[in-house]
Novice: 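Below you will find the structure I want to go over with you.
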Amino acid sequence: DRYRDIEQAISAALEIVTIRRFASIPRPLIKDPANPVSQRGALARRRENQEIVAKYGFAADLVETATVLYAERHGGRLPNAEAFRAAIAPFCPTKIAMCENNCRYRSADGSCNNRNHPEWGTTFSPQARFLPPDYGDQLYIGITPRFKSVTGHRLPSPREISNSVHDAGMTAPRDHIYNINLIHFGLVVFLDVISTPLLQDGDENIVCCIGDEPVKRPACFPFFTLPGEFSHTCRSFVRSEMAPSQGCIPGPRNQMNQKTSYLDLSLIYGNSIEGEQRFRQFGSGHPDSFDAILNIFHVIFLRENDKILRDLKHLGWNGDSLYREARKILSAIYQHIVYTEYVPAVIGQEAMLRYGLKSTRYGHNTMYNPTRDATTSNVFATAAFRFAHSNFDTLENDVIEGFSPETFQNYSNLVTNSPSSYTLFTRFQSKTDRFMTDFGRNKVWESEPRNSVDTMSFDIQRGRDHGLPSYNRWREYCGLRPILHFGKGIMGFADHTIGAIKALSSVYRHPNDIDLMSGAMAERHVSGGIVGPTFACLLGEQFALFKTGDRFFYENDFYPTGFTKGQLREIKKQSLSSVMCRHVNVPAVPQNAFISPKAGVPLIPCMTFPKLDLREWDLHGTY
Ligand code: HEM
Ligand SMILES: [Ca+2]
């Protein structure tokens, strides 16, 4: 009987979701210059594979809608998971992973990394949850984003919070240690592990404001700004696409990730078999276009890949394994940079120790634990790893001498021919603090006067869209004291300056309302790091999973997937500086590529950095 009710709910939901996603209902004209999110925004977040995203998104929508229909008829009770799974099976896409036994290499889409859970960390999976979501609907399913204050009012508009807590004015403070290499290497890591597609109408972008008027539909979550701030007070905001759980079990909405979660340079090599093939044939011609410097990093990795290919060929490698071994080597160098240079700069040595993140100087260091799931978490993508939004001031195009739209097309020129590649090392990035630059809050993706995106508002609104629990819940999760009142001291704010406390209390009604992004960005830094204790914890936990949950992590001592002792020794000699020296036109650089020479560190001639010596990969073993 209950099974019949579930079947009925599913067939009713099927009709609703089909119409919502596929029917050509009359829609307002898609062109909306007031809201560039419908244009460039969608470009930067474009779907990796339209059909596959649509397929999984449809299934997740179906599960959610059927669950809600069922619950409405049964006094708010959710359907029985086993019965539901059986009834939804015909509509539930399964990832049939055919795992090769004893394969030496990663798969293109991340499948089979974990032998017991071959789907963990794969493309188009749901993002992981460190804490259950806190949505605004009565069932906590996710139909409605988090929108309500614990006092019963609505939460403040994200723009109001952005204005009160995160406005740096025209000049944000600059860092006095880290250069713009840090933010751009971070961008590489970000684009490797996460990309959340937005909901769409077929292949068209959804518009959530017509002039100053919000559009009412489930995909929309627009917010409002003061008259005069932007061209219109209504700011279009499209909710994220969702992904079904394994087996389509009913439960709260989870957002999709269209990248492989593993640190496998999928942004360079592709996130699918087709992507990997395209790369081998044509090279990676279309990097995610964030800004010129990201493209410089892209070119550096491409050139290093070419160099490795050449050297391996000399040593007798060929065919499929030639390409796969090159990827394996470059990914290992990259992981080494992430764990010995990038993460320590962000969270500091103490947190590196606490979360077991340190690589050893020499030799293997097997930390793999097959019960750990490396899937990128929602809170990492939606809040913690956005800390770097405090670090840019312009798109940096203007600081690269010789930049023009043409060189942007032909971006490899930027690397060799620009005399100011050296700027990457010298120019301090904007300081990591609660402040975003005027550019970040008022100019991003501006294509017509004042139609831009406020990055901070979007970060806050995205957190609510994804049902991220509030700042206090994350503090508890991290073993920190929740904040009980808007004062200083033991039950109040312990990790904030008076200025930050004042700003937060001027806009939030209750400490339990504070959005994670806002509260955590306003914390004082942990010692030796550039983020506060809450983000140090969330970043630390995620990078621990990227390491302990990756069977192909470069330090693992496994046959046949690992490196030999001699090979690992060569990989561990490398650093971002040694790699950049090979491919960027600079004579001398700091030991640590993220620290500006203006901070007083010495410059070291490129000649003295270790070459990448691949003789340990000699197939004939004759040397
Ligand atoms: C270079 C200048 C950058 C600009 C203009 C920028 C701007 C943006 C914008 C507008 C979004 C979309 C917000 C939303 O709709 O939710 C976004 C997402 C994001 N940004 Fe940035 N960002 C920049 C650099 C970075 C860096 C350096 C990092 C990390 C180190 C980073 C981490 C993220 C993450 C994790 C997301 C979420 C991506 C997803 O889930 O698909 N961003 N950024
Ligand atoms: Ca990846």
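Ligands are counted one by one from 1 in listed order, and the atoms in each one are counted from 1 as well. Count residues from 1 along the sequence.
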Novice: Do the charged groups of Arg450 and Glu229 touch, with an N to O distance under 4.0 Å?
Specialist: no
Novice: Do any N or O atoms from the side chain of Ser452 and from the backbone of Asn442 form a donor-acceptor pair under 3.5 angstrom?
Specialist: yes
Novice: Taking distance alone, with N or O pairs closer than 3.5 Å, would you say His389 contacts ligand 1?
Specialist: yes
Novice: Need the ligand 1 atom indices (1-based, order shown) with element for anything under 4.0 Å from a heavy-atom of Thr196.
Specialist: 39 (C), 40 (O), 41 (O)
Novice: Does Lys547 form a salt bridge (Lys or Arg N to Asp or Glu O under 4.0 Å) with Glu555? I'd like the steps, not just the answer.
Specialist: CA-CA 9 Å; Lys547 172 178 187 157; Glu555 287 187 295; 3.8 Å; yes
Novice: Looking only at heavy atoms, is any part of Trp445 under 4.0 Å from ligand 1, and if so is it the side chain, the backbone, or both, or is it neither?
Specialist: side chain
Novice: Look at the rings of Phe385 and Phe380 and say which category their plane angle falls in: under 30° parallel, 30 to 60° tilted, over 60° perpendicular.
Specialist: parallel
Novice: Ligand 1 and Arg386, any nitrogen or oxygen pair closer than 3.5 angstrom?
Specialist: yes
Novice: With heavy-atom distances below 4.0 Å as the criterion, list the atoms of ligand 1 near Ala381.
Specialist: 34 (C), 35 (C), 36 (C), 37 (C)
Novice: With heavy atoms of Ile194 as the reference, note each atom of ligand 1 found under 4.0 Å away.
Specialist: 40 (O)
Novice: Cys208 vs Cys234, test: disulfide bond (SG atoms under 2.5 Å apart). Steps then yes/no.
Specialist: CA-CA 8 Å; Cys208 290; Cys234 181; over 6 Å; no
Novice: Taking the side chain as C-beta and beyond, is there a heavy-atom pair between Lys259 and Asp192 under 4.5 Å?
Specialist: no
Novice: Looking at Arg324, Arg327, Arg106, which hits salt bridge (Lys or Arg N to Asp or Glu O under 4.0 Å) with Glu276?
Specialist: Arg327
Novice: Ion pair present between Arg146 and Asp465, side-chain N to carboxylate O less than 4.0 angstrom?
Specialist: no
Novice: For ligand 1, which is the ligand I care about here, please tell me if Arg462 has any N or O atom under 3.5 Å from one of the ligand's N or O atoms.
Specialist: yes
Novice: Measure from atom 3 (C) of ligand 1 to every heavy atom in Phe439, Tyr342, Phe392 and give the option owning the shortest one.
Specialist: Phe392
Novice: Which residues and atoms, counting only protein N, O or S, are under 3.0 Å from the Ca ion (ligand 2)?
Specialist: Asp192 O, Asp192 OD1, Thr260 O, Thr260 OG1, Tyr262 O, Asp264 OD1, Ser266 OG
Novice: Please determine if Asp175 and Lys431 form a salt bridge, counting it only when a charged side-chain N lies under 4.0 Å from a carboxylate O.
Specialist: no
